[in-house]
Structures are given as structure tokens and as C-alpha cells.
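Letters go in sequence order (proteins before strands), and every chain restarts at 1. Computation of the quantities below employed the complete heavy-atom set of this structure, encompassing side-chain atoms and omitting hydrogens, waters and symmetry-equivalent molecules.
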There are 2 protein chains.
Amino acid sequence: MFSKACEYAIRAVVYIASETDETKKVGIQEICDHIEAPQHFTAKILQTLSRKHIVNSQKGVNGGFFLDSVQKKKSLKNIVEAVDGDQVFVGCGLGLKQCSETKPCPIHNQFKDIRNRLTKMMESTTIDALAIRLLKGESVLMQTK
Amino acid sequence: MFSKACEYAIRAVVYIASETDETKKVGIQEICDHIEAPQHFTAKILQTLSRKHIVNSQKGVNGGFFLDSVQKKKSLKNIVEAVDGDQVFVGCGLGLKQCSETKPCPIHNQFKDIRNRLTKMMESTTIDALAIRLLKGESVLMQTK
DNA sequence: TTAATAAAAGACAAAATTGTCCTTAATTAA
DNA sequence: TTAATTAAGGACAATTTTGTCTTTTATTAA
Ligand code: FES
Ligand code: FES
């Protein structure tokens with residue numbers, strides 16, 4: 001469904017959201033310890049998200065990654081689009097060059113419905129909603145240990 | 001969503017279903033011409049599907065690939081599972097080792113619904129239903145030309 | 001029986017994705 | 001001002017996916 005990079009991205013951003021604000025930041029090491037992701041690979045992904053203003057970062061002592069209150073209100077769709085692009089939301093399920101109503105692939109009608117539901121779900125799910133459930137202990141970001 | 005191999009697989013099988021039965025077969029070249037897929041790569045995928053009895057094949061003069069009436073009644077889910085495995089139907093959306101009700105990832109509740117709908121859709125869509133719509137001209141398997 | 005045909009199979013090759021390591025730049029506490 | 005810290009960036013490596021090419025095996029028509 002999503003690439004590994006995108007899975008790490010969502011897990012990382014939800015963790016960052018749950019632990020930070022404008023005054024408190026977390027480093028890449030701590031993030032990766034809590035989401036069970038490769039550190040340098042995840043660092044690169046967060047660089048991308050930082051350039052796209054989905055997360056903030058600060059170098060130096062007491063630096064790290066953090067999300068402000070505006071960023072926490074963004075949807076998961078923003079993260080996915082930043083990392084994987086929009087094909088999962090608009091592309092043809094059978095890989096035709098473009099999904100089309102007039103020249104549809106055989107599964108277009110059925111697939112469109114699923115794809116639209118996925119899109120709506122990702123649009124309506126905010127980062128902070130997930131962070132809150134995580135803090136309540138209602139969900140986890142890793143399973144071993 | 002699905003791998004390239006899986007996209008080619010579905011397109012190929014729908015094409016084969018639309019053109020063959022126990023008495024009429026199609027060769028790999030013709031298949032690939034009609035679904036715009038790389039010939040040797042698709043051939044390998046069809047070998048896999050043949051071993052798993054999702055398609056039939058016959059070597060030699062007048063040989064080729066074909067689907068019998070029983071095979072045409074199979075669902076798309078069978079094709080996907082044969083090529084990509086079942087992770088798209090049972091795996092965690094955020095890549096946790098396994099999707100779990102008791103240790104769910106943050107998007108589990110929302111994601112499960114989408115994933116279940118996808119599964120049902122792929123289970124209830126049969127190969128021959130797609131082949132029929134293709135023959136009626138209501139759908140296409142390639143867009144250029 | 002032979003020649004033609006078509007899938008099966010194996011060896012590679014290219015490209016994309018995933019992952020690692022090392023150096024550089026920015027920030028801040030001392 | 002200096003040293004420590006932390007993200008940014010670049011180079012590179014491993015793995016997986018995708019794609020190509022050649023040889024082998026099975027089948028059948030002539
Ligand atoms: S054309 Fe394939 S999903 Fe729309
Ligand atoms: S645990 Fe992630 S989808 Fe179920």
C-alpha cells in the first residue's frame with residue numbers, strides 16, 4: 001500500500017507529534033528507538049518532510065525535530081503525498097497510465113470507490129488525533145519490546 | 001497498491017479469459033501486445049500462475065495460455081495472492097510486524113475498514129465478469145493506441 | 001520422424017528502493 | 001570563542017523489483 005519510507009514517515013511524525021511542541025524537541029535517535037526504524041534512512045525522510053514544512057527541525061544542542069500546533073492539525077494525506085506522491089490516491093489500480101472515466105480499466109468502478117474511501121480516510125485523519133490516541137496507550141508504534 | 005507484476009498478471013489473465021476457452025488459446029506475444037506489458041517478464045508471471053493453476057498453458061504448435069470455465073469463475077483475490085501474497089489483505093498499514101486488535105497501530109481502526117472493503121471487492125469480483133465487460137467495450141487494458 | 005512452434009527455465013542486467021557511513025553546517029552552552 | 005551537539009547532505013552499498021536474452025523442453029502438424 002505505502003512504501004517503507006512512507007510507513008516510517010507516518011510512524012515518525014506521529015511519535016514526534018506526541019512528544020514535542022514549539023518548546024520541546026526530539027532527536028533522530030530517540031525517534032528511531034521508539035518506532036523501530038533505521039536511523040539514517042529515517043533521517044533522510046525527515047529531511048524531506050522538513051523541507052516540505054510537515055515537520056520542523058533545529059540543529060545544534062537541544063535541537064531536534066518537532067511539530068507546532070498548526071502542523072499537528074495536518075492530515076496523514078499530506079505525509080503520504082510528500083513521501084510517495086499522489087498515485088495511491090489518483091492512480092489506476094491496474095497500472096494504466098492514468099485512471100479515466102472514459103477509458104477505464106476493468107476494475108475501475110469497484111477500485112475507484114475503495115481508493116476514494118482511502119483518500120477520505122487519510123484526509124480526515126489528523127496527526128494529532130493519532131498522537132493523542134498513542135499517548136492514551138490505545139495504540140503502539142512498534143511491537144517488539 | 002499492487003506490484004507491477006501483479007498489475008500485469010491481472011491484465012493478462014483478464015485478456016486471456018476474454019479470448020480463450022478449453023479449445024482456443026493465446027500466445028504470450030499476443031497477450032503482451034494487448035496489455036502493453038514486457039513479454040519475458042509477463043511470461044514468468046504467467047508461469048507462476050500456471051503452476052498455481054490460475055491459468056492453463058500448453059506448449060507446442062497451437063499452444064498458448066487459456067482459462068477453462070472453472071478458472072474464469074475465480075476471483076481477482078486469487079491472482080493477487082498468487083503474485084503479491086496476502087499482505088495487502090491482512091498486513092498493517094503502517095508496516096508493524098502484524099496487524100493486531102490488541103496492539104494496534106495508530107491508524108488500525110480506520111485502515112482495517114478500507115482493507116476489508118478492498119478484500120471483499122477483490123473476492124467478489126470474478127475474472128469472467130471483467131472479461132465480459134472488456135468484450136463489451138466497456139473497459140480497456142491499455143491506453144496508448 | 002522431422003521441423004516448426006510455443007511455453008519453461010535459467011542466467012543476467014537495469015532500475016528502484018532501502019539502508020549505511022562519513023563529512024559538513026548550524027546552533028548553543030560553557 | 002570554543003567545544004559539544006544535532007540535523008543536513010553526499011557518497012555509496014545492499015536488496016528487491018523489474019526487465020531482457022538465450023537455451024531447453026514439450027507438443028503437434030506435416
Ligand atoms: S482506470 Fe483503472 S482504476 Fe480507473
Ligand atoms: S495494526 Fe496497523 S492496521 Fe492493524
[X] [atom1] to [N] [atom2], straight-line distance once rounded to whole Å:
X	N	atom1	atom2	value
B:Glu36	D:dG19	CD	C1'	15 Å
B:Phe41	D:dT17	CZ	P	10 Å
A:His40	C:dT23	NE2	P	13 Å
A:Glu30	D:dT6	CD	C1'	13 Å
B:Asn56	D:dA26	CG	C1'	16 Å
B:Leu46	C:dA8	CG	P	8 Å
A:Asp84	C:dA16	CG	C1'	13 Å
B:Lys59	C:dA3	NZ	P	20 Å

### Message
With a 3.5 Å distance limit and no angle check, can you tell me whether B:Arg11 reaches the backbone of B:Leu141 through a side-chain donor-acceptor pair?
### Response
yes
### Task
For the pair B:Ser50 (side chain) and B:Leu46 (backbone), establish whether a donor and an acceptor sit closer than 3.5 Å, ignoring hydrogens and angles.
no
### Query
Mind checking whether B:Phe41 and B:Tyr8 have parallel, tilted or perpendicular rings, split at 30° and 60°?
perpendicular
Report yes if at least one side-chain N or O of [X] is closer than 4.0 Å to OP1 or OP2 of [N]; otherwise report no.
X	N	result
B:Arg51	C:dA7	no
A:Ser50	D:dA8	yes
A:Ser57	D:dT6	no
A:Tyr8	C:dG19	yes
A:Gln29	D:dA7	no
B:Gln47	C:dG10	no
A:Asn62	C:dT27	no

Assign [X] to base, sugar-phosphate, or nothing according to its heavy-atom contacts below 4.0 angstrom with the strands shown.
X	answer
A:Val83	nothing
A:Ile28	sugar-phosphate
B:Lys25	nothing

### Query
Considering only heavy atoms and no angle criterion, is a donor-acceptor pair shorter than 3.5 Å present between the side chain of A:Gln39 and the base of C:dG19?
no
### Summary
Of the listed C:dG19, D:dG19, C:dT27, the closest approach to the A:Val61 side chain comes from C:dT27
### Query
Quick one: which of C:dT18, C:dA9, C:dA7 gets closest to the side chain of B:Phe65?
C:dA7
### Task
Going by the side-chain contact (heavy atoms from CB on, under 4.5 Å) test, name the single residue among A:Leu118, A:Thr125, A:Thr119 that passes it with A:Met122.
A:Leu118
### Query
With a 3.5 Å cut-off and no angle check, do the side chains of A:Gln71 and A:His53 form a donor-acceptor pair?
no
### Query
Would you say the side-chain atoms of B:Ser75 and B:Asn78 include a donor-acceptor pair closer than 3.5 Å?
yes
## Note on the structure
Contacts of A:Gln58 and A:Phe2 projected onto DNA chain C by closest heavy atom; the upstream (5') one is A:Phe2
